Amino acid sequence: MSEIDIPPDHPRYESLVTRHRIEDGVEKGITSLQGLIAEGRGEAFDYLLGEGTIDSAARAERVAAAHLLRADRPVLSVNGNAAALVPDELIELASVTEAKLEVNLFDRTAERVEAIASHLREHGAEEVLGLDPTERIPGLSSERGKVDAEGIYAADVVLVPIEDGDRAEALAAMGKTEIVIDLNPFSRSARHAQVPVIDNALRAIPNVTTHARELTDISRAESEEIIENFDREACLNAAERRIRTGGSNDETG
Ligand code: ATP
């Protein structure tokens, strides 16, 4: 079945589109087999969260937009799952927030980096970093730690969708402001992020872009206020509550 064959009124439309894109990603050499497992884990959490953006995630998405706009050197990290799922959406977010796109992989191979970079270019990306990474994230073994000197290494704010916990932790330890998009509020990635966005990247990336468009012209003081008022623990707790109680709104229960 191709994506255009999936009926939009199917009750599990989003989930079917996600599966299709990831499957396609694996076939094109963009997504790894590990990425397939990550997708399965994500789906389970999405199901428990009600397959929609909960209020606390929507707030985190706004804060993520404020951080990206305020940053001097924002970077969007792109792995095999993100590239397969949301290539157009990532390119649009990069354009609205003037962020760079960097291919950054857990299971790094030159072929897969090249396949992802080509895929992003086919979708309209002009500049893609990460093809020739000369710097390292301290504390990570060789291949897993490689980063671009002009990208993640020099970045002040990094957005990492669907990331492995170990690398998210090492990035945070470098002192960067880390925005993590992860459906699992218990994951180490989410727990280490300054801004944990507990939502599906498929919904979260376009939501951050919408907020960024709205916030483009706000003053520095206003963006500071949005950032200062954010309570990351409350966000993680609200998502956990939503999962445990299955409530219709994460503010209740
Ligand atoms: P930990 O962070 O606890 O170490 P992990 O590194 O083992 O966990 P992985 O399975 O490697 O976790 O990472 C994938 C993470 O991405 C999972 O937490 C999963 O819930 C999440 N995930 C998968 N698909 C999506 C998606 N579409 N949007 C957001 N998050 C997703």
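Fair warning: this is a prediction, and the values are worked out from it, not measured in the lab. In listed order, ligands and their atoms are each counted from 1.
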- Item | Any N/O pair L85/ligand 1 closer than 3.5 Å | no
- Message: Can you confirm whether E233 is buried at CD, in the sense that more than 12 heavy atoms of other residues, nucleotides or ligands lie under 6.0 Å from that atom?
- Response: yes
- Query: Would you call E61 and R203 a salt bridge, taking side-chain N to carboxylate O under 4.0 Å as the test?
  - Reply: no
- Protein heavy atom at shortest distance from atom 6 (O) of ligand 1: G165 N, 2.8 Å
- Query: So, E214 versus T210: side-chain donor-acceptor pair below 3.5 Å or not?
  - Reply: no
- Passes salt bridge (charged side-chain N to carboxylate O under 4.0 Å, His left out), D166 versus R144? Steps please. CA-CA 10 Å; D166 204 32; R144 288 197 311 134; 2.7 Å; yes
- Note on the structure: among protein heavy atoms, the one nearest atom 1 (P) of ligand 1 is R188 N, 3.6 Å
- Message: Measuring only between side-chain heavy atoms, which start at C-beta, is R121 closer than 4.5 Å to V128?
- Response: yes
- Connected hydrophobic set around V180, excluding itself, where side chains approach under 4.5 Å: V75, I137, L140, V147, I152, Y153, V158, V160, L171, M174
- Show which atoms of ligand 1 fall inside a sub-4.0 Å distance from at least one heavy-atom site of G42. 19 (C), 20 (O), 22 (N), 23 (C), 24 (N)
- Any N or O on F45 sitting closer than 3.5 Å to an N or O of ligand 1? no
- Message: Would S189 count as a polar contact of ligand 1, with the cut-off being nitrogen or oxygen pairs under 3.5 Å?
- Response: yes
- Item | Subset of ligand 1 atoms that lie under 4.0 Å from at least one heavy atom of A38 | 10 (O), 14 (C), 19 (C), 23 (C), 24 (N)
- Would you tell me whether E92 and S95 have side-chain atoms, one donor and one acceptor, within less than 3.5 Å of each other? no
- Task: Give a yes-or-no answer on whether the side chains of R62 and N207 include a donor-acceptor pair shorter than 3.5 Å.
- Result: no
- Message: Tell me whether ligand 1 is touched by E163 - counting only heavy atoms on the residue side and a distance under 4.0 Å.
- Response: yes
- Query: In the protein, which heavy atom is nearest to atom 18 (O) of ligand 1, and how far is it?
  - Reply: D182 OD1, 2.9 Å
- Considering only heavy atoms of D199, which atoms of ligand 1 have at least one such atom less than 4.0 Å away? 28 (N), 29 (C)
- Answer yes or no: is there an ion pair linking R220 with E224, defined by an N-O contact shorter than 4.0 Å? yes
- Closest protein heavy atom to atom 9 (P) of ligand 1, given as residue, atom name and distance to 0.1 Å: R41 NH2, 4.1 Å
- Query: Near N184, which atoms of ligand 1 are under 4.0 Å from a heavy atom of that residue?
  - Reply: 18 (O), 20 (O)
- Message: Within the structure, is a non-hydrogen atom of I162 found at a distance of less than 4.0 Å from ligand 1?
- Response: yes
- Query: In terms of residue, atom name and distance, what is the protein heavy atom nearest to atom 30 (N) of ligand 1?
  - Reply: L183 N, 3.2 Å
- For ligand 1, is there an N or O atom under 3.5 Å from any N or O atom of A201? yes
- Task: Note the single closest protein heavy atom to atom 26 (C) of ligand 1, along with its residue, its atom name and the distance in Å.
- Result: N200 OD1, 3.5 Å
- For residues R191 and E169, determine if any side-chain heavy atom of one lies less than 4.5 Å from a side-chain heavy atom of the other. no
- Message: So if I count the atoms of ligand 1 from 1 in the order they appear, which ones are less than 4.0 Å from some heavy atom of D164?
- Response: 6 (O)
- Task: Classify the side-chain pair S187/D182 by whether it contains a donor and acceptor separated by less than 3.5 Å.
- Result: yes
